[in-house]
Amino acid sequence: MNKKLRKAVIAGNWKMNKTRQEAAALINEIKPLVAGAGCEVVVCVPFTHLETALAATAGSNVKVGAQNCHWAASGAFTGEISAGMLADLGVGYVIVGHSERRQYFGETNLTVNGRVRAGLDAGLTVILCVGELLEEREQNITEEVCSLQTKIALAGVSKAELQNIIIAYEPVWAIGTGKTATAAQAGEVCGFIRGVVAGLYDQAAADGLTIQYGGSMNAANAAELLAMPDVDGGLIGGASLKAPDFAAIIKAAND
Ligand code: 13P
């Protein structure tokens, strides 16, 4: 019932894939397939492809996001991109705290919090990723891990700013493995995270928050996952690189 209070958002996380030419071609293939979508559609492309993606999506319902941003507005941070630079391009979304950033690039809950803050300050919608490792699930500490990640990432974020936050629950063991969480597992943790947010703010704020599931979501399993009361969308890796698959997930969200 509360699902009616929030917008379904299906976002593709392209990760480090595609040339610019391939990116434009993929977007041009996606656009007609999702033109009437009732949900929000976002493609999060590599930094070098943002302008290409913005040009290719112009006048369509497909929005463009980046895959990270730095916590500072500017300065001596070689290799980094600020949230303000993204906003200056016309980018509307940014993924923050993806498990691949945490795993391979030393992101911590504190740096994730800084990047969330920076994204909000620049006027971006932040897709905040949280999720447990396989070992953590096996140790029955999924809730503790997701609670801690959520609480630290949202430190200093006001209730009003929560409207520009999407949380993506991505169990690390399900990412790129073809091993999807069951709908029950996904629904359970998304519901748990909503409870954490209700505790931090209030129930109304939590009821309005879009919580996505991510991890091997595809055309075949999307409908079941998206039918769960607390799963409001998806953050899609591999399947977002194929227009028919991505469109099928968006159709499942519409249904
Ligand atoms: P896959 O859909 O390839 O498992 O990736 C999920 C993901 O990491 C999205 O951010």
Side-chain angles (χ1 to χ4, degrees), residues 8-18 22-23 26 30 39-47 49-50 53 62-69 91-105 107 112 115-116 119 124-134 136-137 142 145-146 149-150 153 165-183 185-187 189-190 193 210-226 228 231-253:
V9 181
I10 301 292
N13 174 9
W14 289 14
K15 308 191 181 182
M16 194 174 72
N17 289 294
K18 304 281 176 194
E22 288 165 350
L26 178 55
I30 289 169
C39 64
E40 224 160 88
V41 180
V42 187
V43 290
C44 298
V45 305
F47 289 127
H49 301 5
L50 287 168
V62 180
K63 313 266 176 51
V64 175
Q67 298 172 14
N68 194 21
C69 67
V91 170
Y93 295 75
V94 64
I95 297 172
V96 167
H98 192 278
S99 64
E100 286 149 17
R101 301 288 321 166
R102 296 177 191 258
Q103 192 177 348
Y104 303 123
F105 303 101
E107 293 274 346
V112 170
R115 294 181 200 261
V116 168
L124 304 179
T125 294
V126 174
I127 302 177
L128 163 66
C129 301
V130 302
E132 82 286 1
L133 305 170
L134 181 60
E136 293 166 339
R137 175 161 285 267
T142 295
V145 170
C146 292
Q149 290 179 350
T150 302
I165 297 272
I166 293 167
I167 294 183
Y169 166 56
E170 298 208 315
V172 180
W173 48 271
I175 294 176
T177 56
K179 198 173 155 190
T180 321
T182 63
Q185 286 171 326
V189 184
C190 289
I193 292 167
T210 295
I211 302 183
Q212 300 172 318
Y213 167 78
S216 300
M217 195 189 261
N218 59 39
N221 60 27
E224 198 190 348
L225 288 160
L226 293 167
M228 300 308 288
V231 179
D232 310 314
L235 185 55
I236 325 295
S240 75
L241 297 172
K242 292 174 213 130
D245 294 36
F246 191 53
I249 295 168
I250 287 156
K251 185 174 180 305

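Order of appearance sets the numbers: ligands from 1, and atoms from 1 within every ligand. Along the sequence shown, the residues carry numbers beginning at 1.
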Would you mind listing each N/O atom of ligand 1 next to any protein N/O under 3.5 Å, plus the distance?
residue, atom, partner, partner atom, Å
ligand 1, 2 (O), Ser216, N, 3.4
ligand 1, 2 (O), Gly237, N, 2.9
ligand 1, 3 (O), Gly238, N, 2.8
ligand 1, 4 (O), Gly176, N, 2.6
ligand 1, 4 (O), Ser216, N, 2.8
ligand 1, 5 (O), Lys15, NZ, 3.2
ligand 1, 8 (O), Lys15, NZ, 2.8
ligand 1, 8 (O), His98, NE2, 2.8
ligand 1, 8 (O), Glu170, OE1, 3.4
ligand 1, 10 (O), Asn13, ND2, 3.0
ligand 1, 10 (O), His98, NE2, 2.9
ligand 1, 10 (O), Glu170, OE1, 3.2
ligand 1, 10 (O), Glu170, OE2, 2.9

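Not one N or O on the side chain of Glu107 forms a donor-acceptor pair closer than 3.5 Å with the backbone of Gly97. A donor-acceptor distance shorter than 3.5 angstrom exists from the side chain of Gln149 to the backbone of Gly131, with no hydrogens or angles considered. A distance-only check finds a donor-acceptor pair linking the side chain of Tyr213 to the backbone of Gly215 [under 3.5 Å].
Atom CG of Asn218 and atom CD1 of Ile236 lie 9.0 Å apart (nearest 0.5 Å). Thr182 contributes atom OG1, which lies 7.5 Å from atom CE of Met228 (distance to the nearest 0.5 angstrom).
The stretch residues 232-249 participates, sequence neighbours left out, in these side-chain hydrogen bond (donor to acceptor under 3.5 Å, both in side chains) pairs: Arg6-Asp232, Arg194-Asp232.
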